[in-house]
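Have a look at the structure below, then the notes.
Labels below follow one simple rule: chain letters A, B, ... track the order of the sequence lines, proteins then strands, and each chain is numbered from 1. Because the structure is predicted, anything quoted here is derived from the model rather than measured.
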2 protein chains.
Amino acid sequence: MDNKKLPHDHGYHNEEEIMKNMPGEDEIAGVSEAMKQLGDPSRLRIFWLLCHCEECVLNIAAIVNMTSPAVSHHLRLLKSSGLIVSRREGKEMYYRTADTELARVLHHTIEKLGRVTCPEQHA
Amino acid sequence: MDNKKLPHDHGYHNEEEIMKNMPGEDEIAGVSEAMKQLGDPSRLRIFWLLCHCEECVLNIAAIVNMTSPAVSHHLRLLKSSGLIVSRREGKEMYYRTADTELARVLHHTIEKLGRVTCPEQHA
DNA sequence: TCAACAATTAAATAATTGTTTAATCGAAAA
DNA sequence: TTTTCGATTAAACAATTATTTAATTGTTGA
């Protein structure tokens with residue numbers, strides 16, 4: 001990581017400072033893990049949905065047009081990453097977005113990215 | 001998508017409104033594509049680096065400790081997604097983050113998520 | 001033109017992962 | 001208890017993808 005060990009010296013004077021502030025391995029892992037969750041279109045739709053309402057698995061499956069095992073699989077991943085939480089009521093499991101800073105940041109990012117990637121639909 | 005066609009009626013009165021505002025397929029695809037790019041730890045590190053400086057491939061490879069073909073692969077993906085741009089100077093290709101709203105939103109998200117997932121390091 | 005260097009591409013491999021169907025688990029009602 | 005329904009798990013499969021080594025392209029200087 002030492003500036004002097006880089007193959008090429010382009011005369012930049014701030015490389016050392018940048019390296020010093022570079023995120024550590026654990027921080028990279030945490031951030032990329034969160035991003036990875038929403039890097040899948042199916043999970044992104046489910047997460048978006050659960051940001052706006054609480055629903056049971058069968059309803060989620062119907063809304064996103066997937067089988068319930070497939071939905072269950074994605075719900076497990078989202079839950080493992082701390083993005084959603086669940087609650088049982090009788091036979092049904094209700095899922096909703098977690099009330100955490102992590103989930104709020106990601107929700108906010110989704111809304112912003114939606115406007116950036118599809119500006120015409122947000123005019 | 002009609003409320004009445006959901007398997008279970010939980011008596012929610014706002015489902016129809018939610019469905020109406022649900023992101024379309026293209027918007028989901030665009031957002032998840034952007035997220036997917038940074039869902040890989042290697043690409044996340046490279047993107048973070050290029051948010052802070054412009055570098056040639058060999059230097060990037062040295063900094064993130066990867067082979068240049070591997071870095072080249074990720075650079076191509078990041079570039080295809082519009083997150084970074086490149087410039088040739090002599091034998092070297094210099095890469096840097098794109099000057100776009102998309103790249104800015106993602107950079108901002110990374111910084112925020114870093115603070116959320118590793119709060120102690122940002123105290 | 002030829003040699004040296006930077007970057008990309010190709011081929012191959014390994015690993016991960018999303019989805020499906022079938023089987024199982026858990027809770028409630030008959 | 002048995003049945004029914006919702007949800008999860010298991011097994012299998014298909015598809016994608018990250019990485020490595022080797023070969024190739026492109027540019028500069030001898």
Checking B/Glu33 now: which residues fulfil side-chain hydrogen bond (donor to acceptor under 3.5 Å, both in side chains) with it, not counting sequence neighbours?
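Scan of B/Glu33 (side-chain hydrogen bond (donor to acceptor under 3.5 Å, both in side chains), adjacent residues dropped) gives B/Gln37, B/Ser81.
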Partners passing side-chain hydrogen bond (donor to acceptor under 3.5 Å, both in side chains) against B/His73 (at least two apart in sequence or in another chain):
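B/His73: no side-chain hydrogen bond (donor to acceptor under 3.5 Å, both in side chains) contacts found.
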Atom pair distance, as rounded to whole Å: [atom1] in [X] and [atom2] in [N]:
X	N	atom1	atom2	answer
A/Ile84	D/dT8	CD1	C1'	14 Å
A/Leu38	C/dG18	CG	P	12 Å
B/Met66	D/dT17	CE	C1'	13 Å
A/Leu6	C/dA6	CG	C1'	15 Å
A/Asn65	C/dT20	CG	P	9 Å
A/Arg87	D/dG6	CZ	C1'	15 Å
A/Ile60	D/dT8	CD1	C1'	14 Å
B/Leu58	C/dA7	CG	P	5 Å

Provide the closest heavy-atom pair for A/Ile110 versus A/Phe47 in the form atom of the first, atom of the second, distance.
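The pair with the smallest heavy-atom distance is CD1-CD2, 3.5 Å.
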Taking all atoms of both residues into account, what is the closest heavy-atom pair of A/Pro41 and B/Ile28, and its distance?
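Reported closest heavy-atom pair: O-CG2, 3.8 Å.
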Is the phosphate of [N] approached by [X] (side-chain N or O, under 4.0 Å from OP1 or OP2)?
X	N	result
A/Ser42	C/dT19	yes
A/Ser68	D/dT8	no
A/His74	C/dT19	yes
B/Tyr95	C/dA6	no
B/Ser72	C/dA7	no

Polar-atom pairs under 3.5 Å, protein N or O versus N or O of nucleotides 23-30 of chain C: list them with distances, or write none.
none

Mind telling me whether A/His10 and A/Tyr12 have parallel, tilted or perpendicular rings, with 30° and 60° as the class edges?
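If you compare the ring of A/Tyr12 with that of A/His10, the planes turn out tilted.
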Can you tell me if B/Glu92 and B/Asn59 form a side-chain donor-acceptor pair at under 3.5 Å?
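Distance-only check fails for B/Glu92 and B/Asn59.
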Between C/dT19, C/dT8, C/dG18, spot the one nearest the side chain of A/Leu77, thanks.
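Closest nucleotide to the A/Leu77 side chain: C/dG18.
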Are A/Leu102 and B/Met35 connected in the hydrophobic side-chain network, where two residues link if heavy atoms are under 4.5 Å apart?
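Yes, A/Leu102 and B/Met35 fall within the same hydrophobic cluster.
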Given B/Arg104 and A/Val116, is the side-chain contact (heavy atoms from CB on, under 4.5 Å) satisfied, shown in steps?
CA-CA 10 Å; B/Arg104 275 187 291 273; A/Val116 170; over 6 Å; no
Find out whether A/Cys118 and B/Asp26 are in side-chain contact, i.e. whether some heavy atom of one side chain is under 4.5 Å from a heavy atom of the other.
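A side-chain contact under 4.5 Å exists here.
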I need the full list of salt bridge (charged side-chain N to carboxylate O under 4.0 Å, His left out) pairs touching residues 54-75 of chain B, with sequence neighbours left out, sorted by first then second residue.
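Qualifying pairs, neighbours excluded: B/Glu54-B/Arg87, B/Glu54-B/Arg96.
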Could you check whether A/His108 and B/His108 have their ring centres less than 6.0 Å apart?
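No, the ring centres sit 6.0 Å or more apart.
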Atom pairs under 3.5 Å, N or O on each side, protein against nucleotides 13-17 of chain C: can you list them with distances?
{"residue": "C/dT17", "atom": "OP1", "partner": "A/Lys36", "partner atom": "NZ", "Å": "2.7"}

Which distance, rounded to the nearest 0.5 Å, do you find between the CG of B/Leu113 and the CD of A/Glu101?
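So the gap between those two atoms works out to 9.5 Å.
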Using heavy-atom distances to pick each residue's nearest nucleotide on DNA chain C, tell me which of A/Pro7 and B/Arg76 is more 5'.
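Whichever sits nearer the 5' end wins; that is A/Pro7.
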Bracket string, DNA chain D, 5' to 3' - pairs by Watson-Crick or G-U geometry under 3.5 Å, | interstrand
||||||||||||||||||||||||||||||
